[in-house]
Amino acid sequence: MPDLAAPLIAWYRDAARDLPWRRPGFPAWGTLVSEFMLQQTPVARVVPHLEAWLARWPTPASLAEDPPAEAVRQWANLGYPRRALWLHRAATEIRDRHGGVVPRDVDALLALTGVGDYTARAVAVFAYGERHPVVDTNTRRVLARAVEGRSQPGAPSRRDLAAMAEILPPDDEAAATVNAAAMELGATVCTARAPRCDVCPLAATCAWRAAGFPDTGDGRRRQARYEGSDRQARGAVLKVLRDADHEVPLEAVMPDWPDPLQRDRAIDSLVSDGLVEASLGMLRLPGSVSPRRPRGA
DNA sequence: CATCCGTGGGC
DNA sequence: TGCCCAAGGAT
């Protein structure tokens, strides 16, 4: 296998975008928040939200002090609001189990709510300089093309970590750069559609290019239609509660939604997820009011 | 392992 | 215009 590390490092030195989490001295907490936000949300949408979030909650403990409702509100329209709830839980876990310091150890990171294989290693590597393979969807596509000669990666697998580990140089800092460079290449050059092979540092040895760019089938499943979906209904319910500064009567939540059963199903699932609290016919974001102790309790 | 989970921009 | 896609994770 050709050496991918050297051309990736050289290319990254010139082509890396200037992003907040790449600034020197950026805190590990900021890296963790950015990785939560970047889970399935494009960089351009994340940047302003990240800066507002860190200005409001500069430490995990500061976030943990506020109720989850505030996290869900601040998350605004970033999408997948469970991530806001999970980030709040992770902040609480960091405060309670790690003295308020974002852990460095991959296993400790993996134990945090909402932190999986990607995020745990991204924090260990990019915030702390540890040497691990970091594999996201961009890296998987780059490896699928450059190494395997396929147009798209297969289903995500634990083997992806081993494949990435194989191309990492021994030095910690160089390994971190290769991890970042593979992601950056996939995000800006080796893109899902219309890859820019003319400026790719791996073009000379790319197996996919050498094979004549065969379409090896996309392996990816089509995303379910959003219009009319339960997800859309959930999003609409949550928006009503985010925009309200107090609890809302159940009957006032989307009274004109085309499918009342779907609306009720959305509310139930949000309650089940912990994103909404319901009692006495009222709905509110979690922890947004202090529950009154029943008389005589 | 397949499915579910938001939202918006680009083509 | 509809469809594709986006630094994943939990169940």
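Heavy atoms only: backbone and side chains are in, while hydrogens, waters and symmetry mates are out. Throughout, protein chains are lettered first and strands after them, A, B, ... in sequence-line order, and every chain is numbered starting at 1.
- Between the CZ atom of A/R234 and the CZ atom of A/R231 there is a distance of 9.5 Å, given to the nearest 0.5 Å.
- Separation of the P atoms belonging to C/dA7 and B/dC11 is 15 Å when rounded to the nearest angstrom.
- A/A192 comes within contact range of the sugar-phosphate backbone alone, with a heavy-atom separation under 4.0 Å but no base atom that close.
- To the nearest 0.5 angstrom, A/L8 atom CG is 12.5 Å from A/M183 atom CE.
- Remark: the A/R284 side chain and the A/S279 side chain contain an N/O donor-acceptor pair separated by less than 3.5 Å.
- For DNA chain B, no neighbouring residue in residues 12-25 of chain A is found when judged by any heavy atom under 4.0 Å.
- In terms of hydrophobic clustering, with Ile, Leu, Val, Met, Phe, Trp and Tyr side chains grouped at heavy-atom distances under 4.5 Å, A/L54 and A/L38 are assigned to a common cluster.
- In this model, a donor atom of one side chain and an acceptor atom of the other lie less than 3.5 Å apart for A/R83 and A/T41.
- Residue A/R159 places its CZ atom among 12 or fewer non-hydrogen atoms of other residues, nucleotides or ligands, all under 6.0 Å distant.
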Practice prompt. For the pair A/Y118 and A/Q39, evaluate side chain to side chain donor-acceptor pair (under 3.5 Å) and give the outcome as yes or no after the intermediate values.
Written response: CA-CA 9 Å; A/Y118 165 74; A/Q39 290 168 8; over 6 Å; no
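- Remark on DNA chain C: of its neighbouring residues A/T191 and A/T113, the 5'-side contact belongs to A/T191, judged by nearest-heavy-atom nucleotide.
- Going from atom CZ of A/R140 over to atom P of C/dG9 covers 12 Å, rounded to whole Å.
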Discussion item. Please encode protein proximity along nucleotides 5-11 of chain B as a string of B, S and -, counting only heavy-atom distances under 4.0 Å.
Written reply: BBBS---
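- Atom CG of A/L109 and atom C1' of C/dG8 are 15 Å apart (whole Å).
- Nucleotide C/dG8 holds its P atom 15 Å from the CG atom of A/L32, rounded to whole Å.
- In the hydrophobic cluster analysis, where Ile, Leu, Val, Met, Phe, Trp and Tyr join through side-chain heavy atoms closer than 4.5 angstrom, A/W57 is grouped apart from A/V72.
- When rounded to the nearest whole Å, the span between CZ of A/R265 and C1' of B/dC4 equals 13 Å.
- At a non-hydrogen distance threshold of 4.0 Å, nothing from residues 114-121 of chain A comes into contact with DNA chain B.
- In this structure, CG of A/D136 is placed 7 Å from P of C/dA7, rounded to the nearest angstrom.
- Following rounding to the nearest Å, A/M37 (CE) and C/dG9 (C1') show an atom-to-atom distance of 17 Å.
- Nucleotide C/dG9 holds its P atom 13 Å from the CG atom of A/L87, rounded to whole Å.
- The separation between A/D160 atom CG and C/dG8 atom P is 13 Å, rounded to whole Å.
- In this structure, a donor-acceptor pair under 3.5 Å is present between the side chains of A/W257 and A/Q262.
- A/D160 and A/S157 are not linked by any side-chain donor-acceptor pair at a separation below 3.5 angstrom, with hydrogens and angles left out of the test.
- No salt bridge links A/R22 with A/D18; every basic N to acidic carboxylate O contact stays at or beyond 4.0 Å.
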